[in-house]
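What follows is a set of notes on a single structure, which appears directly below.
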2 protein chains.
Amino acid sequence: MDIKAYLEEKRGFIDSYLKSYFETLSLPLQLHDSMKYSLLSGGKRIRPILALASYEACGGDAKAILPQAAALELIHTYSLIHDDLPAMDNDDLRRGQPTNHRVFGEGMAILAGDALLTEAFLMMTGGNPPFPPFTKGGNTEKVTKGGDREMANLSNQKSEAGFSVNTKAISPISRSALLKAIRDVALAAGAHGMVGGQAQDILSESSEPNRETLNFIHLHKTAALIAASVRIGPILANSGTKKLRALTRYGENIGLAFQIVDDILNVEGTTVELGKPVGSDSRKNKLTYPSLYGIEVARQKADEYMAEAIRALLEFLSEADPLREIAQYLVTRRN
Amino acid sequence: MDIKAYLEEKRGFIDSYLKSYFETLSLPLQLHDSMKYSLLSGGKRIRPILALASYEACGGDAKAILPQAAALELIHTYSLIHDDLPAMDNDDLRRGQPTNHRVFGEGMAILAGDALLTEAFLMMTGGNPPFPPFTKGGNTEKVTKGGDREMANLSNQKSEAGFSVNTKAISPISRSALLKAIRDVALAAGAHGMVGGQAQDILSESSEPNRETLNFIHLHKTAALIAASVRIGPILANSGTKKLRALTRYGENIGLAFQIVDDILNVEGTTVELGKPVGSDSRKNKLTYPSLYGIEVARQKADEYMAEAIRALLEFLSEADPLREIAQYLVTRRN
């Protein structure tokens, strides 16, 4: 199969969905701009693509879960914005552009991250962009344009919108599956997963290199959300334990391989390829695979994880070919 | 009725739930401490109590929705932690204690907020504290105690946990209602609500006082989540549009009254009562009701909103008495 064409097509689905969703929202201008700046800046969309590919491997039609897949990109983007902050990794460059806080300021960057994370859970409940919840005045457009209306009038301007919950906005996927997916993604994204990994990461910058800690960081900071992206396929397709278990094993292993390759690229890549400074991990005294094991062993380890990921797919036939190809792509990529 | 006893009882439910939930979690120590520091520091628990009271007014048993009610407190707490950051309001004191970032540092405070927000959505899906999603090594306790195990062993230590989604953890509330509640809370908490209001708030510190903007900020930053806390009652009880509409009107109005009283207390209260410095709004050139209208008009307006809130409950009988009493309590409180 032509994996490049496959990735391109799926990325197109996600990008279109994100673009049209965010263009219809009515939000305070600077917050809106800050959210779009990081979200629509041309990421690889690996997590949503994994979700779509995994759902297809379970017999589903990818387009049915675009909102849930796209929500994973919102979570990934929020994590990048917050990780780049001065109080965390203090990075100035991301995907070849100034980081969010360098453009919009730290306060707005924190809020844009908070807003993306919250919007992700909103998005997971169903596909349609929401209407504003409150109608007692406080119109976004008016405020952001600096308009002024008398307060006394505002109380009379309630419409019916916001008084009922728009049930049509709930996705056709079974509600039970949606709830499981929300729970699973929250588990992978929060303190039990990605945020826990990032906490351990910033605590470890000044401490002794330690293999157990490195493994904890990689599993939680990176592999957790990647595995959840894969797991969302069988969860939303109601595929049962056997497939869920196989795809979890696949997801964990490509997640670990992905992070090791990231670490290697940070040593060996070029700034143009990466869109961020090479060698920044080492300057920050980050705990990484290359720093602990050397490049050669790190590369070997990535290949092993990749092979284990592909072995996990044994019970799947050609419907999992995209997942197999993606595993290989992730360890051979240059950015 | 004895509203003080009522509030005390309900607060006891919430505090016990939060305490036992967070004590059973296994998380990186400093992150865990940072989350608990702000969450278990003795807030009034207004939002969860409103949720319980509103659910009771719709004929439900408060204890059935403890997780969903408590989740609102996690969202409120995360918003306080992030609002207090140097890049936002730069506050040193909260509830009489040093703010989160003063104790744990800015990076950890940002992560604790992120983790609480994410955990809130996890909590909303059901009651039980979660098990860790990943079992491929990376044990939390071991890492946080600085233990070390060989990487080769870790791959063999997968257990079955994490490979299936614990469906027993899903609440007995109807799944459709849970999804609606998650969607409604996300709408109120994110860019369309609270985060949007906070964004407008920090943008407005340096701009001309403007009634429309003040109204926007109060509605979004404060009233949105308070109204959502009230709305969760009829949503989870499947009460239908009429009650949802009445309780939305109640919630919006007490939310607005609540914020005006907050602004007044920031001028007139004492540091001991408030647990934070008096007059900080004015020093930061914050747009507030007293600064725009003067104390007298502000107090009048708060009373008007309170009266409108109580009028919204006309169709309810004594089952809404706690909500009526809470409205009065909110405008007469001293902290």
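These values consider heavy atoms only, across backbone and side chains, with no hydrogens, waters or symmetry-generated copies. Lettering follows sequence order; numbering is per chain, from 1.
In terms of heavy-atom proximity, A:Ala191 sits nearest to B:Leu31 at CB-CD2, 3.9 Å. Across every non-hydrogen atom of A:Gly107 and B:Ile202, the tightest pair is C-CD1, 4.1 Å. Closest non-hydrogen pair, A:Pro28 versus B:Gln200, comes out as CB-OE1, 3.8 Å.
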Next on the checklist: Working note: B:Met194 + A:Asp114, criterion side chain to side chain contact (heavy atoms under 4.5 Å, CB included); need CA distance, chi angles, decisive distance, verdict.
Outcome noted: CA-CA 10 Å; B:Met194 186 176 69; A:Asp114 294 346; over 6 Å; no

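Comparing A:Gln198, A:His218, A:Glu106, A:His82 by how many heavy-atom pairs each has under 4.5 Å with chain B, the most go to A:His82. Interface check for chain A: of the options B:Asp83, B:Leu117, B:Ile217, B:Leu247, the most heavy-atom pairs under 4.5 Å are formed by B:Leu117.
For B:Met35, the part lying near chain A is the side chain, with the backbone staying farther off; criterion is any non-hydrogen pair under 4.5 Å. When heavy atoms are compared at a cutoff of 4.5 Å, B:Leu111 approaches chain A by way of both its backbone and its side chain.
Between A:Phe121 and B:Phe121, the ring planes are parallel. Angles under 30° get that label, and only those over 60° would be called perpendicular.
Scored by the salt bridge (Lys or Arg N to Asp or Glu O under 4.0 Å) test, A:Lys36 finds no partners at all (sequence neighbours excluded).
With contacts defined as side-chain heavy-atom distances shorter than 4.5 Å, the pair A:His192/B:Glu119 qualifies. Taking 4.5 Å as the limit, every side-chain heavy atom of B:Lys180 sits out of range of all side-chain heavy atoms of A:Thr125. Contact of the A:Ile182 side chain with the B:Leu122 side chain is not registered, since no non-hydrogen atoms from C-beta on lie closer than 4.5 Å. Here the side chains of A:Thr118 and B:Leu187 are not in contact, with every heavy-atom distance at 4.5 Å or above.
For the atom pair A:Ile110 CD1 and B:Ile81 CD1, the distance stands at 12.0 Å (nearest 0.5 Å).
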